[in-house]
There are 2 protein chains.
Amino acid sequence: MENVTIRMLAERLQLSTATISKALSNSHEISEETKQRVLALAAELNYVPNPYASSLRKKSSHTIAVVIPEVADSFFAEAINGIESVAQEKGYHVLIYLTHESFAKEEAILKDFQSGRVDGVLISVTTETSAAAHGLTQLVKEIPVVFFDRVCEEVTAARITTDDANAAYNATTHLIAGGCRNIGLLSASRQLSISNRRAEGFRQALADHQLPLTPASILYCSNDPAATQQLLQTALQQNHYDGLIATTEKLATAVYLACEELSLAIPGDVQVIGFSNLSTARFLQPSLTTVSQPAFDMGHAAATVLFKALKSSSFPLQEQQQVIPSSLIIRNSTKSGL
Amino acid sequence: MENVTIRMLAERLQLSTATISKALSNSHEISEETKQRVLALAAELNYVPNPYASSLRKKSSHTIAVVIPEVADSFFAEAINGIESVAQEKGYHVLIYLTHESFAKEEAILKDFQSGRVDGVLISVTTETSAAAHGLTQLVKEIPVVFFDRVCEEVTAARITTDDANAAYNATTHLIAGGCRNIGLLSASRQLSISNRRAEGFRQALADHQLPLTPASILYCSNDPAATQQLLQTALQQNHYDGLIATTEKLATAVYLACEELSLAIPGDVQVIGFSNLSTARFLQPSLTTVSQPAFDMGHAAATVLFKALKSSSFPLQEQQQVIPSSLIIRNSTKSGL
DNA sequence: TTTATTTACTTAACCGATTAAGTAACACGG
DNA sequence: CCGTGTTACTTAATCGGTTAAGTAAATAAA
């Protein structure tokens with residue numbers, strides 16, 4: 001059985017395809033009676049419009065893209081959840097692209113969007129993405145783009161972030177209050193703005209408490225788990241940190257693993273804070289003190305802002321800057337201040 | 001600046017659009033010299049073909065859909081990872097749809113696929129999906145469909161699953177060996193085939209060890225976390241289980257929470273096994289004995305099979321049935337057999 | 001009664017790429 | 001020298017909706 005098209009409906013009802021199209025879109029040009037007949041036949045024949053024909057003509061795809069480094073991370077998974085909830089409500093489709101932290105992949109993906117495949121893009125950039133992100137610069141000129149969490153500061157676009165500097169400041173202060181004097185910050189990137197913001201908050205907190213910032217204070221980890229593990233173990237042995245802040249979920253788990261390997265007690269030998277949305281954080285051994293990011297809300301907010309721009313081209317999308325606060329949830333991997 | 005089209009290239013080079021199209025697809029009908037000129041201009045003008053024009057004409061979208069209950073679950077997140085790795089390699093695009101365990105939503109999503117929006121579908125059905133899944137029955141007649149993990153047994157289609165019955169049998173046996181005599185199975189659905197398979201393995205193990213199967217042996221939990229929590233606590237108080245098997249990741253966490261609330265020691269009072277892919281399982285308090293599913297591999301396998309069908313219509317997709325083994329990883333939430 | 005307007009359509013162009021069918025120019029075998 | 005291929009294109013139809021522009025008939029206004 002062939003696919004049912006508007007032309008078939010037209011022939012059966014002895015009407016023009018234009019009439020069918022207008023009837024289906026509830027145009028005022030069509031009589032109530034005709035609309036009913038069209039709708040009835042469409043339902044009977046199980047007519048489903050071809051989205052690509054429509055997209056081609058209307059130059060809009062009713063589809064958005066989500067570009068993220070990875071999906072097996074509870075932050076991104078929850079963010080997708082938030083995005084999808086809005087998209088589903090608006091009847092939009094969601095294309096997912098994973099960059100696996102590769103800038104080259106990201107550029108290739110973004111280039112494809114110049115084809116009109118998607119009406120808008122929600123993106124959290126890779127750890128490698130830098131100012132010279134040509135694809136991004138180009139993209140924001142062509143379609144609505146919203147950054148969430150990992151923004152590219154050099155590019156003017158809407159941004160949904162958390163209070164990274166603040167969160168890091170508070171986390172650091174919490175460790176200091178718990179007695180730490182030699183704190184290490186595990187960072188995922190040198191160029192990522194959220195990494196730098198977190199480092200900034202960290203530095204500020206150290207400074208405010210007259211603690212020194214040494215080259216060993218900030219550890220830049222790569223995207224390779226094995227290398228990170230190696231780096232971590234070496235650093236832990238050399239520097240005898242008494243506090244660690246893991247700025248990504250993967251790094252938090254890596255710290256637990258490294259401490260296990262080196263038989264370091266948490267929080268006895270090292271206190272640990274993780275930026276994470278792990279639902280299991282409270283059941284970890286020891287339960288993990290976390291900077292918990294509003295992942296779902298950020299995804300939701302990002303999508304909401306994007307759809308406002310899609311609805312009205314006069315919406316000042318590029319000016320949208322929302323900072324959604326994260327919260328420090330204190331558990332047993334850190335010692336409460338005395 | 002307008003979007004660059006094939007027609008613009010044609011005008012600039014004083015060629016027909018047909019020539020451009022063929023040159024771009026490296027047709028033998030076009031001279032090498034012309035191909036070079038076309039490619040050069042395309043690169044210069046940054047030409048990106050309109051995917052929807054192409055899809056409309058070719059009746060293929062180079063897009064697949066992934067339909068899953070949720071994304072904030074490490075099994076599904078990893079499965080997406082596996083799927084995406086194959087899709088990216090093949091140059092396909094991935095649309096994500098979340099059903100949130102709602103059968104109605106699932107049906108609506110599947111109906112849309114009759115439009116030709118996607119070339120193929122990878123699906124893990126909802127806990128509500130039953131034999132009367134009209135949308136599914138219809139869909140498999142129209143485009144290639146591959147079930148992964150949660151299959152709908154009444155529908156004839158390719159299936160990528162784990163050895164659910166076996167895994168549950170082994171998990172149960174492990175608990176019995178550890179001294180459990182009153183084991184509860186926490187199930188997510190009455191109709192889901194994987195749930196039933198797991199229940200089957202569970203029952204078989206009980207029978208093989210002369211342990212009774214009571215109405216309290218299998219606990220059917222809903223999709224509502226609060227209700228599940230309530231149910232769990234009540235059941236734990238009434239039945240004094242000495243062993244529990246949580247057949248989903250969410251249920252495993254729920255058990256930990258309930259035990260904490262009721263001050264039940266794991267594994268002292270209750271031993272616990274979870275079906276889960278949590279990377280943090282080994283760091284939980286106590287570390288969680290898991291039936292670890294090959295989530296990435298299942299996604300990878302499902303996508304691989306789907307693409308074989310997309311490449312060759314003679315590929316016997318519906319006969320594809322792969323069972324990828326899961327593994328029981330014994331940790332401290334259960335007692336090893338003496 | 002005549003003109004203007006509204007209603008309910010139809011016609012045909014269009015979105016941008018693909019492709020079946022056609023063609024002109026040239027080469028080559030017999 | 002003719003017929004048959006081959007090469008390298010072009011023409012035009014097509015995919016399935018959408019929409020600007022047109023039209024005939026009915027209704028309202030002048």
Side-chain angles (χ1 to χ4, degrees), chain A residues 1-39 41-42 45-63 91 112-119 142, chain B residues 1-39 41-42 45-63 91 112-119 142:
Chain A
M1 195 176 69
E2 298 283 300
N3 255 334
V4 183
T5 67
I6 245 180
R7 167 177 281 121
M8 291 168 71
L9 299 182
E11 277 166 13
R12 291 256 200 148
L13 295 175
Q14 296 287 40
L15 290 167
S16 72
T17 59
T19 303
I20 307 294
S21 175
K22 288 174 183 169
L24 290 172
S25 60
N26 201 21
S27 159
H28 66 93
E29 290 179 44
I30 306 299
S31 72
E32 210 46 55
E33 193 211 323
T34 303
K35 281 182 192 169
Q36 291 311 319
R37 291 207 302 144
V38 171
L39 256 37
L41 187 65
L45 300 186
N46 195 29
Y47 167 74
V48 184
N50 182 316
Y52 299 137
S54 163
S55 292
L56 179 58
R57 180 67 226 252
K58 298 210 285 190
K59 287 171 175 289
S60 97
S61 60
H62 247 234
T63 303
D112 175 73
F113 295 161
Q114 306 207 344
S115 67
R117 187 184 297 278
V118 294
D119 296 344
E142 309 196 341
Chain B
M1 194 178 68
E2 298 281 303
N3 255 334
V4 184
T5 66
I6 245 180
R7 165 177 281 120
M8 291 166 72
L9 299 182
E11 278 165 12
R12 291 257 201 144
L13 294 176
Q14 297 286 42
L15 290 168
S16 72
T17 60
T19 302
I20 307 294
S21 175
K22 288 173 183 170
L24 291 172
S25 59
N26 200 23
S27 160
H28 66 94
E29 291 179 44
I30 307 299
S31 73
E32 210 47 54
E33 192 211 324
T34 304
K35 280 182 192 170
Q36 292 311 321
R37 290 206 303 144
V38 172
L39 255 36
L41 186 66
L45 300 186
N46 196 28
Y47 166 73
V48 185
N50 183 315
Y52 298 138
S54 165
S55 292
L56 178 58
R57 181 66 226 253
K58 298 209 286 190
K59 288 174 174 286
S60 98
S61 60
H62 246 235
T63 303
D112 174 72
F113 295 161
Q114 308 206 340
S115 66
R117 185 184 298 279
V118 295
D119 296 344
E142 311 197 339

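By convention in this document, chain letters (A, B, ...) are assigned in the order of the sequence lines, proteins followed by strands, and residues within each chain are numbered from 1.
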Looking only at atom types and distance, does a side-chain atom of [X] sit under 3.5 Å from a main-chain N or O of [Y], one as donor and one as acceptor?
X: A:S25; Y: A:S21; result: yes
X: A:S55; Y: A:P51; result: yes
X: B:Y47; Y: B:T5; result: no

Would you work out how much the helix from C:dT1-D:dA30 to C:dG30-D:dC1 bends between its ends, with each end axis defined by five base pairs, to 10 degrees? 50°

Atom pair CG/CG of B:L39 and B:L9 - distance to nearest 0.5 Å: 10.0 Å

Walk along nucleotides 12-21 of chain D from 5' to 3' and tag each nucleotide B, S or - by protein heavy-atom contact under 4.0 Å, base first, then sugar-phosphate. -BBBBBBBBB

For a quick check of understanding: with a heavy-atom distance under 4.0 Å over all strands, which category does B:L15 fall into, base, sugar-phosphate or nothing? sugar-phosphate

What does A:S16 touch in the nucleic acid at a heavy-atom separation under 4.0 angstrom: a base, only the sugar-phosphate, or nothing? base

May I ask you to check whether A:D119 and A:S61 show a side-chain donor-acceptor distance below 3.5 Å? yes

Please state how far atom [atom1] in [X] lies from atom [atom2] in [N], giving the value in whole angstrom units.
X: B:H62; N: C:dT18; atom1: NE2; atom2: C1'; value: 14 Å
X: B:E32; N: D:dT7; atom1: CD; atom2: P; value: 13 Å
X: A:H28; N: C:dT7; atom1: NE2; atom2: P; value: 9 Å
X: B:I20; N: C:dT19; atom1: CD1; atom2: P; value: 16 Å

For C:dC15, does OP1 or OP2 lie under 4.0 Å from any side-chain N or O of A:S55? no

